[in-house]
Structures are given as structure tokens and as C-alpha cells.
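Input: a single structure, listed below in C-alpha cells.
Atoms within a ligand are numbered from 1 in the order they appear, just like the ligands themselves.
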Amino acid sequence: MDAQALQTEAQSAISRAQTLSELEAVRVRYLGRKSELKLALREVRDRETGMTLNAIRTAVEEALEARERELEAAAVQLDTDFDPTLPGERIERGSLHLITQLRRRIEDIFVGMGYEVYDGREIETVWHNYDALNQPEAHPSRDPQDTFYVDGDTLLRTHTSPSQIRAMMQQEPPIYLVSLGRTYRRDALDATHTPVFHQVEALAVDRNITLGDLRGTMETFANAVFGGEREVRMRTSYFPFTEPSVEFDVTCYLCDGSGCAVCKHSGWIEMGGAGEVDPNVFVAVGYDPEEWTGFAFGLGIDRIALLRHGLPDLRLFWENDIRFLEQF
Ligand code: DAH
């Protein structure tokens with residue numbers, strides 16, 4: 001073994017090492033248990049060879065240590081480019097849109113009552129949107145002035161009620177479902193109208209369903225959305241797909257019914273429409289109206305969000321202004 005050559009080779013490998021782990025590999029190669037030097041040291045018989053080899057070992061060890069200190073110093077040097085006293089770069093955390101949050105909250109409330117969440121269609125047939133819902137041929141809402149028609153038989157649904165029809169045609173009673181999503185009407189954009197808006201539809205079909213069941217369900221729903229002990233009131237109304245039909249209000253969540261700006265000093269907030277499912281609707285989906293009864297209701301999600309948060313204008317939901325969105 002050429003001891004001198006080995007030392008030169010080791011020292012140049014040491015100075016070429018750029019990282020601590022490269023340096024460790026060099027140490028193993030030249031000073032490890034199976035290195036040439038260690039094996040030679042084990043074979044040593046005479047004093048002179050022993051001294052030479054030990055001198056080389058010491059030199060290599062020192063070179064390793066020196067290089068290790070250099071590399072460590074360089075690493076610290078790199079670290080000093082990092083100033084821990086500077087403020088960090090904040091990674092903005094997004095959030096779900098207020099309407100999406102409310103939509104999920106409503107779904108949770110109904111799932112808690114044993115309801116299924118049913119996904120309807122946004123592009124509907126005229127039959128599902130109107131005819132099967134007992135809407136007379138001459139009903140003004142069919143007017144192309146009010147409805148986005150795709151063609152003569154197809155439209156963007158004007159309400160979530162056609163989900164009732166689709167679900168009933170796919171399933172047998174009993175049915176307890178909610179269906180939430182976008183609805184479309186050709187309304188001019190202003191503070192209280194957007195051509196795209198959101199509704200929640202509820203449908204219960206079972207034996208002996210009464211208006212009392214409807215009322216209890218709406219109360220549970222209103223308490224969960226607005227909090228506290230809400231009262232529900234029904235006013236007679238008309239919808240083609242319910243008989244009898246009602247519109248329902250809840251006591252104002254802000255003033256508890258005593259009257260304030262939110263409820264326009266009436267103490268009540270209008271929620272939506274509801275009623276007992278009209279027998280003609282059951283006939284349209286092939287259910288026996290003598291056997292089955294049901295209730296349904298529908299209401300606008302956007303308006304609830306507006307009221308719930310005291311917001312002045314529906315258009316805020318569509319502007320995608322982060323300063324507005326990030327508050328929720
Ligand atoms: N679809 C009605 C609308 O958009 C709301 C509605 C009223 C839904 C009565 C219902 C109901 O399920 O029973 O104005």
C-alpha cells in the first residue's frame with residue numbers, strides 16, 4: 001500500500017465534499033472499519049509501519065474535522081440570509097361562499113330529521129317544471145318573458161319543485177327529502193332579485209301527513225336556522241301543486257316579534273310557500289292519492305342569508321369581492 005498516495009487521495013476527497021453527508025461518506029471510505037487504512041493497521045507487525053499509518057490516520061481525521069467545521073459554518077452562513085424577525089408570509093385561507101355554507105347547514109338540519117338530500121336537475125323539461133306540478137297551461141309563470149327556455153320542451157328550472165316529481169317517480173313512499181340548488185328566472189337584477197338564485201324544497205310523503213306535521217317541521221327548521229324559539233304562522237295562499245296551500249312566516253329573529261327594521265316592523269319574516277301535496281300531483285307520478293298524503297314547502301336560500309346576516313343587497317353574493325366574502 002502506498003501510504004502517502006492514500007493520504008493525498010483522502011485529503012483531496014475531503015476537500016471536494018460539499019455537504020456533511022458527502023463528508024461522512026468520505027470518512028467511511030477512508031477511516032471506516034473496512035477501509036484500506038484500518039485493514040492495514042490491523043496487519044501491522046513492525047513499529048515503523050505502525051507509526052506511518054497512525055500518522056496518516058491522524059492527518060485524515062484532522063482534515064475531516066476541519067472540513068466538517070467549514071461545512072457547518074457555511075450552513076450557518078446560509079441561515080443568516082433568513083431573518084426570523086421579519087413578519088411571515090401569510091397564506092390566505094379561503095372559505096366556502098356564504099350561500100354554500102347555508103345550503104350545507106340546511107342539509108344538515110334535515111338530515112338530522114331523517115331526510116334524504118335529493119339532487120334535482122337545473123335543466124328541466126316543461127313537463128317536470130309545470131305540467132306534473134299541476135300548473136295550468138295558461139299560468140303566467142310559463143311565459144317566456146319570465147322563464148329561460150332552452151327550447152319548446154326544455155327550460156332552466158324556475159323552482160326546485162320539479163325535484164319532487166323526479167324523486168317520486170324514482171322511489172316509492174314513504175319519502176322524506178330536501179332538494180337544494182340553483183333556480184332561474186328572467187328577473188332584472190336589483191337589490192332583491194337575481195336571475196339565478198337558490199331554493200330549498202322539502203317533501204314528505206307518507207300515510208296521514210297533516211298540516212300539523214308541516215308546521216312542526218317548519219318550526220324545527222326555523223329554530224335551527226335562526227336560533228332561539230321561533231314561532232311559525234301560516235297564511236292561506238295558492239299554489240297549483242298544493243291543496244290547501246299556505247305561505248308561512250316566522251317570528252323575527254332580531255326583535256323576537258316586537259317589530260324592527262329587519263321585519264319591517266311586522267314582527268314576522270316571510271319564509272316561503274307550502275301546503276299539502278295536491279292529489280293531481282300524486283296522479284301525475286303514479287301514486288294513489290287515496291293512499292298517500294304529503295306536505296311540501298319551498299323557500300329562497302339567498303333571502304334567508306340576507307336576513308340572517310343583515311345584508312342590504314343580493315348582488316353582493318355575485319360580486320366575488322373578497323372583502324365581503326372573507327367575513328363569513
Ligand atoms: N315552488 C314555489 C316557488 O318557487 C315555492 C313552493 C310553494 C314550493 C309551495 C313548495 C310548495 O313545495 O308546497 O314559488
Side-chain angles (χ1 to χ4, degrees), residues 103 106 110 113 115-118 120-122 124-136 139-143 146-148 155-169 173 175-187 192-206 209-219 221-222 232-250 269-282 284-285 287 289 292-304 314:
R103 186 179 160 166
I106 295 171
F110 279 98
M113 288 193 272
Y115 280 57
E116 161 205 7
V117 176
Y118 181 87
R121 300 189 181 186
E122 291 184 26
E124 264 301 358
T125 69
V126 169
W127 187 80
H128 287 87
N129 196 81
Y130 294 125
D131 300 275
L133 287 161
N134 198 34
Q135 197 111 308
H139 199 276
S141 74
R142 292 198 186 216
D143 195 324
D146 298 320
T147 303
F148 292 105
L155 44 70
L156 300 185
R157 66 177 176 191
T158 58
H159 51 178
T160 42
S161 303
S163 295
Q164 294 185 29
I165 303 300
R166 291 205 174 265
M168 286 193 280
M169 292 180 79
I175 289 178
Y176 291 87
L177 68 82
V178 274
S179 189
L180 298 86
R182 290 189 170 188
T183 46
Y184 303 81
R185 287 181 201 173
R186 295 186 64 168
D187 284 327
T192 53
H193 297 87
T194 53
V196 187
F197 56 107
H198 302 81
Q199 286 191 338
V200 49
E201 189 82 17
L203 172 69
V205 181
D206 209 331
I209 297 262
T210 68
L211 281 180
D213 299 313
L214 170 63
R215 188 195 189 102
T217 307
M218 291 189 305
E219 250 167 33
F221 168 67
V232 169
R233 135 181 121 173
M234 296 184 189
R235 291 172 285 117
T236 53
S237 184
Y238 173 76
F239 297 99
F241 32 92
T242 41
E243 183 57 39
S245 299
V246 299
E247 279 175 66
F248 65 104
D249 309 328
V250 298
I269 292 177
E270 285 178 28
M271 292 287 281
E276 292 275 301
V277 178
D278 192 293
N280 286 343
V281 174
F282 284 145
V285 299
Y287 286 4
W292 300 107
T293 52
F295 69 67
F297 65 85
L299 52 98
I301 298 178
D302 312 66
R303 227 183 115 261
I304 296 184
L314 278 179

Legend entry - T217 and F295, any side-chain heavy atoms less than 4.5 Å apart: yes
Legend entry - Sub-4.0 Å heavy-atom environment of ligand 1, residues by chain: H159, S161, Q164, R185, Q199, E201, F239, F241, T242, G273, A274, G275, A296, F297, G298
Legend entry - Ring centres under 6.0 angstrom apart (H159, F239): no
Legend entry - N129 versus T158, side-chain donor and acceptor atoms under 3.5 Å: yes
Legend entry - Partners meeting side-chain hydrogen bond (donor to acceptor under 3.5 Å, both in side chains) with Y118 (sequence neighbours left out): Q170
Legend entry - With E219 via side-chain hydrogen bond (donor to acceptor under 3.5 Å, both in side chains) - residues at least two apart: none
Legend entry - All side-chain hydrogen bond (donor to acceptor under 3.5 Å, both in side chains) counterparts of E201, not counting sequence neighbours: T160, S161, Q164
